[in-house]
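Below is one structure; the comments refer to it alone.
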Amino acid sequence: MAGLTSSSVGKKFLMATSAMFLLIFLLVHLVANLLSIKAIFGENAFNVASDFMGYNPFVQFLMQPVLGFAVILHFVMGFVLEIKNKQARPVQYGFNNRAANSTWASRNMIISGAVILAFLVLHVYDFWVHEFNYKVIEALPQDSTRYWGELHAKFADVWRVALYVIAFVLLGMHLSHGFHSAFQSVGANSPKCFPMIKKLGKIYAVVIPAGFIIIALYHFFTN
């Protein structure tokens, strides 16, 4: 780990591998949360899935810490690389029209990343802190019927829904550049494969945020 973090290439590699793990997590998380659309799946499907993940030792004591580590690693490496890039180029050349040569998302990954990080703090407060309080602080008995109602109640407030929607829009912009950039950083940039990866990234960057937005709006409008 020390060797990887000592160079920019190593930092980019760590950032890319953590990003790939998070890409898989986002897809799994979306599929699980789609089960909360009562009009299609009813309440029980989401309750069963949530109860399994909430009490399964493999998820709780292995996957959850790995996820937390991946999130921290990804954002730390991102901020460190951004600082180093700015230090390496302290003067912005007037003739370099960056807006014409790159997208807003690629130029402002640090901004979208910071907003997403702030959203994650809210998300952790909304759900993980609540679960920790339920299971550890209050030590309440396992109740496999509570999850859908708790999730549904979270989206009763318009301000929370608005924050979620804004965060997911920025997540889409972040993914529109970050998806193919992660593959590029680990060497998957051959002329044959890379165009396909970029197309897949564009689809992913739309489908994942749109799915989460639909879930938030569904719960808000059915409250």
Which distance, rounded to the nearest 0.5 Å, do you find between the [atom1] of [X] and the [atom2] of [Y]?
| X | Y | atom1 | atom2 | value |
| --- | --- | --- | --- | --- |
| E150 | N47 | CD | CG | 9.0 Å |
| M53 | Q60 | CE | CD | 9.5 Å |
| K11 | L81 | NZ | CG | 7.0 Å |
| I37 | I40 | CD1 | CD1 | 5.0 Å |
| L67 | L22 | CG | CG | 6.5 Å |
| C193 | H180 | SG | NE2 | 15.0 Å |

Would you say the side-chain atoms of [X] pair up with the backbone N or O of [Y], donor to acceptor, closer than 3.5 Å?
| X | Y | value |
| --- | --- | --- |
| N223 | H152 | yes |
| N56 | F58 | yes |
| S181 | G178 | no |

Nearest heavy-atom pair of [X] and [Y]: which atoms, and what distance?
| X | Y | value |
| --- | --- | --- |
| L30 | G211 | CD1-C, 3.6 Å |
| I197 | A188 | CD1-O, 3.5 Å |
| T17 | V186 | CG2-CG1, 4.3 Å |
| A182 | A16 | O-CB, 3.3 Å |
| G78 | I110 | O-CD1, 4.3 Å |
| L14 | L73 | O-CD2, 4.1 Å |

Does the side chain of [Y] come within less than 4.5 Å of [X]'s, by heavy atoms?
| X | Y | answer |
| --- | --- | --- |
| Y204 | L23 | yes |
| V80 | K84 | yes |
| F168 | I208 | no |
| F212 | L26 | yes |
| Y125 | V121 | no |
| F41 | F46 | no |
| I24 | F21 | no |
| L163 | W159 | yes |

[X] vs [Y] aromatic rings, parallel, tilted or perpendicular, using cut-offs 30° and 60°?
| X | Y | answer |
| --- | --- | --- |
| W128 | F132 | parallel |
| H123 | H29 | perpendicular |
| W148 | H219 | tilted |
| H74 | H174 | perpendicular |

In this structure, would [X] and [Y] fall into the same cluster of hydrophobic residues linked by side-chain contacts under 4.5 Å?
| X | Y | answer |
| --- | --- | --- |
| Y55 | L140 | yes |
| L200 | L175 | yes |
| V71 | I116 | yes |
| L217 | I215 | yes |
| I213 | L120 | yes |

Residues D51 and R146 bridged, charged N to O under 4.0 Å: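 No, no charged N to carboxylate O under 4.0 Å.
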Pairing of E131 and K135 as salt bridge, 4.0 angstrom limit: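 Answer for the salt bridge query: yes.
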Atom CZ of F79: over 12 foreign heavy atoms under 6.0 Å: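 For F79, atom CZ is crowded (more than 12 foreign heavy atoms under 6.0 Å).
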CA sep, side-chain torsions, deciding dist, call: Y134, D143, side-chain contact (heavy atoms from CB on, under 4.5 Å): CA-CA 10 Å; Y134 185 96; D143 178 9; 3.6 Å; yes
Intermediate values then yes/no, side-chain contact (heavy atoms from CB on, under 4.5 Å), S144 and V48: CA-CA 7 Å; S144 61; V48 169; over 6 Å; no
Centroid separation F179 to F183 less than 6.0 Å: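 Here the rings of F183 and F179 have centres that are less than 6.0 Å from each other.
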Salt bridge (Lys or Arg N to Asp or Glu O under 4.0 Å) involving K38 - partner list, sequence neighbours excluded: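 K38: salt bridge (Lys or Arg N to Asp or Glu O under 4.0 Å) contacts with E43.
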Option passing ring pair (Phe, Tyr, Trp, His ring centres under 6.0 Å) with F155 (candidates Y164, F220, Y218, F221):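 Single ring pair (Phe, Tyr, Trp, His ring centres under 6.0 Å) partner of F155 among Y164, F220, Y218, F221: Y164.
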